[in-house]
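Values below: every heavy atom of this structure, side chains too, minus hydrogens, waters and symmetry copies.
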Amino acid sequence: MAWREQSPERGSQVSSWNPGGPASHRESTLDAAESRPAVSVGEREDFVDAPKTSVSSISGAGEESLTSRPHTEHTVENAEQNPNLNTDSTPARPTDDQILAQENSIREAVAESSPFVGDKEPLAALRKEYEDGSAVFLQKISTLEEKYQAIRRTRGDGNCFFRAFIFAYMEDLVQSNSLQERNRVVTCMRQWKPRLIAAGYQELVFEDAQEMIMDQLNSLGTADPVMLPALETNMRDAGVSQMVVMYLRLLTSAELGQRQEFFSPFILGMFDDCPSVDHFRQRYVEPMGEESDHVHIVALTDALQVPIRIVYLDQSLGAAMAGVGHAEGAAVNHHDFVPEALQNATGPNAIPKVHLLYRPGHYDILYPSKSA
Amino acid sequence: MSTPSRKRLMRDFKRLQSDPPQGVNGSPNPDNIMQWNAVIFGPDDTPWDGGTFKLTLTFTEEYPNKAPVVKFKSHMFHPNIYNDGGICLDILQNQWSPIYDVSAILTSIQSLLCDPNPNSPANSEAARLYGENRREYNRKVKEIVEESWKDDGEDS
């Protein structure tokens with residue numbers, strides 16, 4: 001994953017700034033994007049992936065995928081350049097304030113071009129992105145179309161996994177009006193409160209966010225339930241959406257912290273710069289805009305006891321692997337993240353209702369076909 | 001006017017008062033909760049011992065999703081502090097997380113004083129001396145400490 005290589009070392013973010021000015025900053029960040037075949041940037045404004053910041057932070061240039069761009073070769077090139085920039089201490093380096101201003105302007109530009117959570121679109125919209133792209137992708141999309149009917153994009157600001165997950169989950173609850181599942185998850189969140197405090201988080205940090213989610217969930221089954229349009233409005237509102245993402249990050253982090261023994265082999269094996277699980281939590285989970293990896297997904301599914309299916313759309317040709325699809329065509333791999341307690345369970349809870357489409361560096365929501 | 005960020009800042013303030021961290025203090029301006037003044041005391045048994053360093057914290061309506069702008073008002077000599085008082089600290093930039101409150105921010109800055117990160121120099125002379133001539137570095141820091149007592153009277 002490119003973001004790991006490109007992330008500036010802890011504490012060195014300022015020097016990873018590219019001193020070439022706004023245009024080149026943006027350009028270099030674009031180039032650092034993970035390869036994601038797509039039509040050219042200009043044509044598809046609505047699919048521009050945001051810089052990591054819709055929230056908060058000053059990110060180092062090249063820290064994360066910025067936008068769809070078919071230039072794979074630049075990824076490598078840029079990853080190699082960044083270490084040089086890191087050691088660059090020329091006097092021309094801008095101040096933190098200038099960087100903040102720069103980041104803000106990029107963030108605003110991107111915010112205008114893509115909502116946190118987009119509209120539900122037919123899967124044909126996905127095909128259109130790859131019209132002039134790789135045949136592998138087109139084949140895989142054909143395979144995908146056998147099982148899925150629609151897609152909903154999320155903003156590519158590093159929080160896309162959390163945002164896609166919670167939207168898909170709540171949308172399913174709203175649509176199915178499943179009070180049993182609602183009660184389960186509300187209880188689960190209530191139980192998290194003392195656990196979050198035990199994990200060292202101040203109540204003031206998360207209580208608003210928890211209330212926000214619970215209010216929406218609790219409205220189900222009442223005379224005035226949250227309906228889909230209201231859910232869309234709420235999750236597109238920066239105040240609500242960011243709080244909710246933060247809350248999920250805390251749950252994920254606390255889950256990791258409470259099960260260090262289970263998670264540490266994964267983390268220590270995959271992240272060279274993380275000497276401990278706690279370091280990983282602080283570096284890659286708690287800050288807004290840090291992308292999610294398998295570790296995050298496993299922790300969150302466990303924390304909320306909600307299974308997730310991730311469908312992978314990439315260049316690989318792995319027809320032999322398990323997945324949706326047929327032997328001859330390009331198989332589309334998927335992986336189900338099922339909490340341990342549900343792994344041997346049968347029944348509706350063990351079947352993932354949240355389906356996410358993963359393309360390197362980004363998650364969107366997928367909608368299974370009714371017949372599938 | 002009560003917005004989520006203002007509400008949160010009130011709670012940050014409450015926590016700072018009810019559970020005050022050692023060696024730091026801060027409060028919002030009486031007429032503007034988005035603008036805070038703070039003091040960090042130099043940690044004991046370090047060259048910074050005895051210093052009273054003043055800072056300002058400027059919050060936006062995006063707090064806590066966005067870090068405040070934190071600046072030293074006292075003159076500083078430190079590898080990660082710019083001449084204008086700006087601070088190069090990961091949690092104030094790309095490692096910011098809404099889990100940090102004012103108390104955590106100030107405590108982090110306090111520990112940065114004695115534990116600079118020479119890899120991201122904001123003051124190249126301080127970084128150089130820190131690496132090459134610690135004795136001279138410590139002497140400069142002591143000067144800064146004494147200076148910090150002076151501006152106590154001037155602009156408070």
- Ignoring hydrogens and angles, state whether a donor on the side chain of A/E290 or A/Y284 is under 3.5 Å from an acceptor on the partner side chain. no

- Query: Given a strict heavy-atom distance threshold of 4.5 Å, which part of A/E203 is in contact with chain B: side chain, backbone, both, or neither?
  - Reply: neither

- Item | Atom group of A/L204 that falls short of 4.5 Å from chain B, counting heavy atoms | both

- Query: So which part of B/K7 gets closer than 4.5 Å to some heavy atom of chain A, the side chain, the backbone, both or neither?
  - Reply: side chain

- Message: Counting only non-hydrogen atoms closer than 4.5 Å, does A/Q202 touch chain B with its backbone (N, CA, C, O), its side chain (CB onward), both, or neither?
- Response: side chain

- Message: What part of B/Y100 gets within 4.5 angstrom of chain A, counting heavy atoms only: side chain, backbone, both, or neither?
- Response: side chain

- So among B/D12, B/D101, B/T58, which one has a side-chain hydrogen bond (donor to acceptor under 3.5 Å, both in side chains) with B/Y63? B/D12

- Task: Determine the sole option in B/W48, B/F72, B/Y137 for which the ring pair (Phe, Tyr, Trp, His ring centres under 6.0 Å) test with B/H78 is passed.
- Result: B/W48

- Note on the structure: Those residues at least two apart in sequence (or on a different chain) that pass ring pair (Phe, Tyr, Trp, His ring centres under 6.0 Å) with A/F206 are none

- Taking the side chain from A/Q260 and the backbone from A/L256, do they hold a donor-acceptor pair closer than 3.5 Å? no

